[in-house]
Each structure stands twice: as C-alpha cells, then as structure tokens.
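Below is one structure; the comments refer to it alone.
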Number of protein chains: 2
Amino acid sequence: MSGLQKAKSEETRRRVLEAAVAAVEAGGMEAVNIRNIAKEAGYSVGSVYKHFADQDALLIAVNSVTLGRIREIMGEVVEGTQDPLAQLRALAHAYLAFAQENKNLWTTLFGHHLPDGKPVPEWHIQENIALLAFIAGPLKALNPGLAGEALEDRTRTCFSAVHGLVTISLETRFISLTGARLKGEMDYLVERLAG
Amino acid sequence: MSGLQKAKSEETRRRVLEAAVAAVEAGGMEAVNIRNIAKEAGYSVGSVYKHFADQDALLIAVNSVTLGRIREIMGEVVEGTQDPLAQLRALAHAYLAFAQENKNLWTTLFGHHLPDGKPVPEWHIQENIALLAFIAGPLKALNPGLAGEALEDRTRTCFSAVHGLVTISLETRFISLTGARLKGEMDYLVERLAG
DNA sequence: CCTAAAAGTGAACGATGTTCACCATTTGAC
DNA sequence: GTCAAATGGTGAACATCGTTCACTTTTAGG
C-alpha cells in the first residue's frame, strides 16, 4: 500500500475519530452512535468498521485522545513550576480543572469499560500509566528515601487519592463542594500525602 | 387497594429487583436486560415497567440495595472497634473488601449515570451521603477542632481519597497492586488524612 | 354477582451495533 | 496502457435492545 491509499485511509480514520471526539464532548459516551458519527464524518457505516473494530475500539481511540490532552497539560504544569510540592499541587489542580472543563471526555475516559474477557490493549494501559510519571518525579524529590516499588506504590496512591476527589466532586449522587473549598481540600490532600 | 393486591404488587417488585441484582452480580450493568430479568423473575416485560419507570430506575433500585449492604458492613465495622483511628482504618478496609468481593455491584453503583437532565432522586442522594456519617464520627474524635462545614469537607475528602484508591485498584487500565501492598497504602492514606 | 381498578401480558415499534455482498478506486506487474 | 488483485467505500439487512400500549385476567368492594 503506497501514497494515495495510505493518505486516504489515514484521513478517513482521522475524520471518524474527530467526529467521535466531538460526539463525546457534546453528549458523553452515550452519544457515540455509529450512524451519526459516520454521517458527521461524511462516510458510511461500513467505513467506520474498516478503521475501528467496534464501538469499544472507537471509544478507546477517543480516550487515547483525551489522555494525550491531559498529558500535554500536565507536562506544561511541571515545566512551569520548580518546587516539587508546588508541582504536585499544580498537577492536582490541573487534573481537576481538566475534568471540570471537559466533563464528558473525562467521564468517558474513566466510565468506559470493556466487557469481561476483552483485555485492554497494552498500548492503552501504557498511556494511562504514563500519567503517573509526572507525579513520581516531584514525589521522589520530596522523599529521597522512596525508591523502586515503594515509590511506585506511593505514586499510585497519590494519583488515586486526587483522582477520587475529582471523581466524587463531579458525582451528582454526592452533593459536591464549591470551587474554593474543593481547591482547599485538594491542597490539604496533596500536602498530607506528599510530605 | 388492600391485602392481596398490595402483597402481590410488593412480591412482584421484590422478585424483579432480586433478578436485577442477580443479573448485575453475574454480569455487571450491561447484563440488566429487561427481557432476561422479566423471564428470570417469572413475569412479562410489561410487568417490569409497572414497577420501575425504566431501566435507569431499575438500576437505581439495584444501587440502593448495594448501598444498603455497604451501610450494613460499615455499621458492623464501627461497632466492633473503639479507637477512632482504628475505626477509620477498618472502614477503609471494609470498603475495599466489599468492592473486591462485589466488583460488579460496586462498579454498577459508581458506573451508572443518568442521562443529562434526569436528576438523581433525592432519596438516593441521601442514601449515598449517609455513608459519610460513618467517617465523620471518628474524624471528629481525632480532630475535635473540626466542625460544621470544615468537618463535612474533610469527611468528603477522606471518603473520596479512599474511594479513589479502591477505584484505581480495580481498574484494569492501570495495573493494580497486590493485596498486601494495597492494604499498606490504604493505611498510609488513612493515617495521613485523619491525623 | 358485577363493575371499576389494578395486575399482568406480549406483539409491535423504533433505535442501535454489526455484518456482508457488492461497487469504485488504486496499485503494481506486465 | 491493460488488467487483475487489493484496498476503500457503501448501505441494505439482521439481531438485539428499551419501551409502549391495547388487551386480558384478577381483585376489590358494594
């Protein structure tokens, strides 16, 4: 396969994925309707399936885009701060801000699950784990004694705790905090766990 | 409406809900298929709709059962422990254990979301918030200075952090910790946040 | 009894994910 | 340039859902 066909194929995949991302942004996971997405992208139903095995694969691709955006934001945050504790605080706030400003993308990222027996692709697992690297750095700087498995575990714990705060704050089921108080609790959390 | 009809109605509702809980336990949220549940309960499709407005209402009823079980376990834990910090530790471990042993019920509880515009019933919000009361007590005992909104906020933060640890530990997307190390991180989390 | 209300039924409708037989375009060898 | 194989693209058709509703059966109470 050379030039023209490859370009066409990539373009189609890109347009379909764009339409899927737009659909999720507009209406969440449930808005990913193959017929609508095919129409929005300007293709037929069958073409979608030439590029994505099924709806799950399309949603994983959307989640991959979301993870890319989060990674980019986290990278900027780490670059723009020097003090390790301030970095962790800023990372947590950036994570919260992204979730609030991209609620549908964020809930899709963590709300979509494959049926039993369908394993998550290894490359997607790595994309997720990559987020932890931003935390491990400053955490190690604050706790030079931490290393190896202990550092990995603590990193995951810090991420999970912040993730939980963000999750519950977006949950209508629990009445959530207002902005300022939530940010305060986030700082408390980070300072307690990172020190 | 008297005796016989009321009994029949309650029995039907109970059997349908039982079938729905069993379906979730066996296959998660996606296994809640109205036709299957009607068959399992021994009724027709239409009868299900006489007792539950729609699939969402049925799932909320299932989640209500799940919350009841969690509440019961948490109550026993608090009763069986005296030291406030030990209570918080035990609550966190009980929460984790429930999630691990009832993965499908737990992921349904937090994975099911109503479509935009459909508000969560007030009684169900209260059921969720009720879990926080178990935490607020010991937390106040450990921090007598905490009261009012500050205590509420801190309670929610502690719950959220533990909830996050449990969530991520069940996520195939992130490779999760093994039992002992996870429990260790849970203790670290509780001790840092509660003190 | 007898009629109104409530419980229970299941065919039918529309929406959805997925498949596949088919046409159109591109490719590379001759 | 020609042509057969490969690839891109199509949309009707199928199976499976949630949901509705006209209908039958059962219960209530005078």
Side-chain angles (χ1 to χ4, degrees), chain A residues 1-20 22-24 26-63 108 111-118, chain B residues 1-21 23-24 26-63 108 111-118:
Chain A
M1 171 168 62
S2 116
L4 219 168
Q5 273 196 333
K6 190 173 176 184
K8 269 183 94 173
S9 182
E10 282 173 1
E11 157 108 359
T12 305
R13 202 195 126 93
R14 192 180 54 75
R15 301 240 304 245
V16 169
L17 182 51
E18 255 176 26
V24 169
M29 212 165 54
E30 318 299 326
V32 175
N33 175 306
I34 307 287
R35 283 178 179 79
N36 285 343
I37 282 168
K39 190 188 295 180
E40 290 295 321
Y43 294 93
S44 69
V45 181
S47 274
V48 174
Y49 284 90
K50 284 273 161 71
H51 297 273
F52 300 94
D54 52 22
Q55 206 181 24
D56 285 328
L58 183 53
L59 277 168
I60 288 178
V62 169
N63 286 343
T108 298
H112 174 245
H113 290 97
L114 295 170
D116 280 5
K118 244 194 195 179
Chain B
M1 170 168 62
S2 118
L4 221 168
Q5 274 195 334
K6 190 173 177 183
K8 269 184 95 172
S9 181
E10 281 173 2
E11 158 108 358
T12 305
R13 199 195 128 93
R14 191 179 54 75
R15 302 241 301 245
V16 169
L17 182 51
E18 254 176 26
V21 170
V24 169
M29 212 167 53
E30 318 299 326
V32 174
N33 175 306
I34 307 287
R35 283 177 178 80
N36 284 345
I37 282 169
K39 188 189 293 179
E40 290 294 322
Y43 293 93
S44 68
V45 182
S47 275
V48 174
Y49 284 90
K50 283 274 161 68
H51 296 272
F52 299 95
D54 53 22
Q55 207 181 23
D56 286 327
L58 183 53
L59 276 168
I60 288 178
V62 170
N63 285 342
T108 299
H112 174 245
H113 289 98
L114 295 170
D116 280 5
K118 244 194 194 179

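Not measured: the values here are computed from a predicted model. Letters A, B, ... are given to chains in the order of the sequence lines, protein chains preceding strands, and every chain is numbered from 1. No hydrogens, no waters, no symmetry mates; every other heavy atom, side chains included, goes into these values.
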### Summary
From the candidates D:dG8, D:dG11, D:dC17, the one with an atom nearest any side-chain atom of A:Lys8 is D:dG8

### Message
Quick check against the 3.5 Å criterion: does B:His51 have a side-chain atom that pairs as donor or acceptor with the backbone of B:Tyr49?
### Response
no

## Note on the structure
Taken to the nearest whole Å, OH/B:Tyr43 to P/C:dT9 is 8 Å

### Atom-to-atom span, CG of A:Asn33 to P of C:dG14 - whole angstrom
17 Å

### Summary
Comparing A:Asp56 with B:His51, nearest DNA chain C nucleotide closer to 5' gives the residue B:His51

### Task
Indicate yes or no: at least one non-hydrogen side-chain atom of A:Val32 is less than 4.5 angstrom from one of A:Leu59.
yes

### Task
With heavy atoms under 4.0 Å as the rule, sort B:Val32 into base, sugar-phosphate or nothing.
sugar-phosphate

### Task
Let me know which of A:Val16, A:Leu17, A:Val45 forms a side-chain contact (heavy atoms from CB on, under 4.5 Å) with A:Ile37.
A:Val16

### Task
Round to the nearest Å and state the distance from B:Met29 atom CE to D:dG18 atom P.
12 Å

### Message
Is the phosphate of C:dG8 approached by B:Ser44 (side-chain N or O, under 4.0 Å from OP1 or OP2)?
### Response
no

### Query
Please give, in whole Å, the distance from D:dG11 C1' to A:Ile37 CD1?
18 Å

### Message
If you count every heavy atom of other residues, nucleotides or ligands that lies below 6.0 Å from B:Lys118 atom NZ, does the total exceed 12?
### Response
yes

#### Entry: Between C:dT18 (P) and A:Asn36 (CG): distance, integer Å
15 Å

### Message
Using the side-chain heavy atoms of B:Ser47, tell me which of these nucleotides is nearest: C:dG8, D:dG9, C:dG17.
### Response
C:dG8

### Task
Round to the nearest Å and state the distance from A:Arg35 atom CZ to D:dC17 atom P.
16 Å

### Query
Is B:Thr12 near enough to C:dG8 that one of its side-chain N or O atoms lies under 4.0 angstrom from OP1 or OP2?
yes

### Query
Can a donor-acceptor pair under 3.5 Å be found between the side-chain atoms of B:Lys50 and the base atoms of C:dG8?
yes

### Task
Quickly work out the B:Tyr49 OH to D:dA22 P distance and round it to whole Å.
17 Å

### Query
Which whole-number value in Å describes the distance from B:Glu11 CD to D:dT27 P?
13 Å

### Heavy-atom check, side chain of B:Leu114 versus side chain of B:Ile60, under 4.5 Å
yes

